[in-house]
Amino acid sequence: MWGCGALLGARAGLRLCRELFLAWNRGWSAAAPYSASAEPSRVRALVYGHHGDPAKVVELKNLELAAVGGSDVHVKMLAAPINPSDINMIQGNYGLLPKLPAVGGNEGVGQVVAVGSSVTGVKPGDWVIPASAGLGTWQTEAVFSEEALISIPRDLPLQSAATLSVNPCTAYRMLMDFEQLQPGDCVIQNASNSGVGQAVIQIAAALGLRTVNVVRDRPDLQKLTDRLKSLGAEHVLTEEELRKHEMKNFFKDMPPPRLALNSVGGKSSTELLRHLAPGGTMVTYGGMAKQPVIASVSQLIFKDLKLRGFWLSQWKKDHSPAQFKELIVTLCGLISRGQLTAPACSEVPLQDYQRALEASVQPFVSSKQILTMC
Ligand SMILES: NC(=O)c1ccc[n+]([C@@H]2O[C@H](COP(=O)([O-])OP(=O)(O)OC[C@H]3O[C@@H](n4cnc5c(N)ncnc54)[C@H](OP(=O)(O)O)[C@@H]3O)[C@@H](O)[C@H]2O)c1
């Protein structure tokens, strides 16, 4: 059985070979889709058959599109980013793994080509994004179940739409769910130039929060600092600056942060904790340095700091689809008002996926690789 569909209830509906197809296909005589243009067609997809180094295990394959059943939606994918979680999933190091073989990609935007007879929530021409992780977005077309998709406005910038369903949602929830922050309160974060980090900066600015943004030093630091400040970052510091003794005066001019957002781990997270206000919370949502969080005993005892974790997939399990849709509507509003833009992106045609996969794991790239499907 095709992995992603089984995992998500989404009819990914593609085949790698005739045997797989025969074992899985539920029949081409399903209800006719509401579009004349839904003829079965060839699909190009980035597929992996086993876990390992993405550069070695991911292959561009021609697959066949399944029929559109009554509750299904035929989607032409437009663009899909390569996120660290996509890489971790292919490596087999993620909290949620599809059955193999699987199509890569958890995020992206597509346009509805045709819908099954019982589909009511979307129509041909609509733009849709995944409702859950593991959909398999690195493909030119697919058939998904209606419940696997969320409709979004078609006038969003393409890159914003393609990068909407994971990182901005994570940023928004972390800002809202752990501390009762008020305008003027301060948030500190590391990896501030990441997709999540850039969303945190912008959503925090829209909420009237002040941000201290930590990045790794690099040759073009000033350019990066200017970019993050143009998004609303109040301060941009390097990891080295954060460790300096002079930092003890830094928070005389602004309130010490009540919330720290950590996607690095190791020494970087220890430094975030050092600057947290008494009683403050550090939320860990990523581990880019692949090192454990190390918390000073005295900081924990004398400042009563709270260490928490966040995983968007768990948040979705704990909340209803309607609540996730509400979150997407809120974020679309921020995008429409110009308060939330996509992270810096490099668009790469699907067939050049090797180049995009390599760039996505290079340090200091400061640009998210987005696969385009035309
Ligand atoms: N828990 C959740 O629900 C959730 C949701 C979304 C994302 N995430 C996680 O959040 C993190 C960021 O995701 P993203 O899509 O925003 O990433 P991204 O845009 O691809 O950016 C990656 C970031 O990680 C930094 N980085 C990479 N290796 C590092 C290292 N060894 N030490 C310090 N920093 C390092 C990069 O900094 P440089 O520019 O200096 O290389 C960059 O800022 C990932 O760990 C991802 O899995 C978690």
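Numbers for residues simply follow the sequence, beginning at 1. One-based numbering, in listed order, for ligands and for the atoms of each.
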Number the atoms of ligand 1 from 1 as they appear, then name those within less than 4.0 Å of a heavy atom of [X], with their elements.
X	result
N167	6 (C), 7 (C), 14 (P), 15 (O), 16 (O)
G286	45 (O)
V264	32 (N), 33 (C), 34 (N)
N83	15 (O)
P363	41 (O)
K368	14 (P), 15 (O), 17 (O), 18 (P), 19 (O), 20 (O)
W311	1 (N), 2 (C), 3 (O)
Y285	1 (N), 2 (C), 4 (C), 8 (N), 9 (C), 10 (O), 48 (C)

Indicate yes or no: at least one non-hydrogen side-chain atom of [X] is less than 4.5 angstrom from one of [Y].
X	Y	value
M373	L78	no
P363	R216	yes
N167	N83	yes

Note to self: Under 3.5 Å, is there a donor on one side chain and an acceptor on the other for E107 and T163?
What the structure shows: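 Per modelled atom types, E107 and T163 side chains form no pair under 3.5 Å.
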Notebook entry, point to check: Would you say the side chains of E347 and Q369 form a donor-acceptor pair under 3.5 Å?
Noted result: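 No, no side-chain donor-acceptor pair sits under 3.5 Å.
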Next item on the list: Before giving the answer on side chain to side chain contact (heavy atoms under 4.5 Å, CB included), spell out for K316 and Q323 the whole-Å C-alpha distance, their side-chain angles and the decisive distance to 0.1 Å.
Entry: CA-CA 8 Å; K316 286 186 199 170; Q323 285 172 303; over 6 Å; no
Region of [X] engaging ligand 1 - heavy atom pairs below 4.0 Å:
X	result
L312	both
K290	neither
V196	both

Next item on the list: Check if A289 has a non-hydrogen atom at a distance under 4.0 Å from any atom of ligand 1.
Entry: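 Heavy atoms of A289 do come under 4.0 Å of ligand 1.
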Note to self: Please confirm whether Q362 approaches ligand 1 to less than 4.0 Å, judged on its heavy atoms.
What the structure shows: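 Judged by the 4.0 Å heavy-atom criterion, Q362 does not count as contacting ligand 1.
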Next item on the list: Could you list all the ring pair (Phe, Tyr, Trp, His ring centres under 6.0 Å) pairs where at least one residue sits in residues 215-240, not counting sequence neighbours?
Entry: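 Matches after skipping sequence neighbours: H235-F250.
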Item checked: Contacts of H51 that satisfy ring pair (Phe, Tyr, Trp, His ring centres under 6.0 Å) - sequence neighbours left out ->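 None.
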Notebook entry, point to check: Going by an N to O cut-off under 4.0 Å, is there a salt bridge joining K229 and D226?
Noted result: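 So K229 does not pair with D226 through a salt bridge.
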Say whether [X], considering both its backbone and side-chain N or O atoms, lies within less than 3.5 Å of an N or O atom on ligand 1.
X	value
R216	yes
G195	yes
V166	no

Check: Are the ring centres of H319 and F324 closer than 6.0 Å?
Finding: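 No, the ring centres sit 6.0 Å or more apart.
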